[in-house]
Amino acid sequence: MGLGDGEPMTSFDDRRKGFEAKFVADQDMLFRITARRNRLVAQWAAERMKLTPAETDAYAKAVVQADFEEAGDEDVIRKLLGDLTAAGIDVDEAEVRRALDEQLVEARRQMMESR
């Protein structure tokens, strides 16, 4: 049993494959939660900008897409802050970050409920 006698190290391989599968599943869940958070925060911003339902849907897609520009949240924060400011909404970066945090909690809750 082991390396020298021709038997495979199945328990090690099985454990490694299990860890890899869990990592992939965790990364997928994180991606889905982040996308949902971005959609929710876009709806928050759209409401403040008084967008129509069709405009809100398009805006949510644009915010989700903006998250692919760079790693982290700075690209989304920049977009939201810029769009809100351009629309004449009195908002600062701290408020946008708070909204992101709040919507992250909501996105996680929604994902757990949908399981």
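On a predicted model such as this, the values are computed, not experimentally measured, just so you know.
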Between [atom1] of [X] and [atom2] of [Y], what distance do you get to the nearest 0.5 Å?
X    : Y    : atom1 : atom2 : result
L100 : T34  : CG    : OG1   : 10.0 Å
E106 : D101 : CD    : CG    : 14.0 Å
R39  : Q110 : CZ    : CD    : 10.0 Å
R37  : R108 : CZ    : CZ    : 9.5 Å

Using modelled atom types only, decide if a donor and an acceptor are shared between the side chain of S114 and the backbone of M111 within a distance under 3.5 Å.
yes
N/O donor to acceptor pairs below 3.5 angstrom from side-chain atoms of residues 42-49, sequence neighbours left out:
residue : atom : partner : partner atom : Å
R48     : NH1  : E95     : OE2          : 2.7

Please identify each residue that fulfils salt bridge (charged side-chain N to carboxylate O under 4.0 Å, His left out) with E93, with sequence neighbours left out.
R97
Transitively linked via ILVMFWY side-chain contacts under 4.5 Å: [X] with [Y]?
X   : Y    : result
I33 : V105 : no
I77 : L104 : no
L80 : L40  : no

List the atom pairs, with distances to 0.1 Å, where a side-chain N or O of residues 53-67 and a protein N or O form a donor-acceptor pair under 3.5 Å, not counting sequence neighbours.
residue : atom : partner : partner atom : Å
E55     : OE1  : T52     : N            : 2.8
E55     : OE1  : T52     : OG1          : 3.2
T56     : OG1  : T52     : O            : 2.9
D57     : OD2  : K61     : NZ           : 3.4
Y59     : OH   : D83     : OD2          : 2.8
D67     : OD2  : N38     : ND2          : 3.1

Worked check of salt bridge (charged side-chain N to carboxylate O under 4.0 Å, His left out) between R98 and E102
CA-CA 6 Å; R98 250 188 328 276; E102 290 168 3; 5.3 Å; no
Ion pair check, E113 and R109, cut-off under 4.0 Å
yes
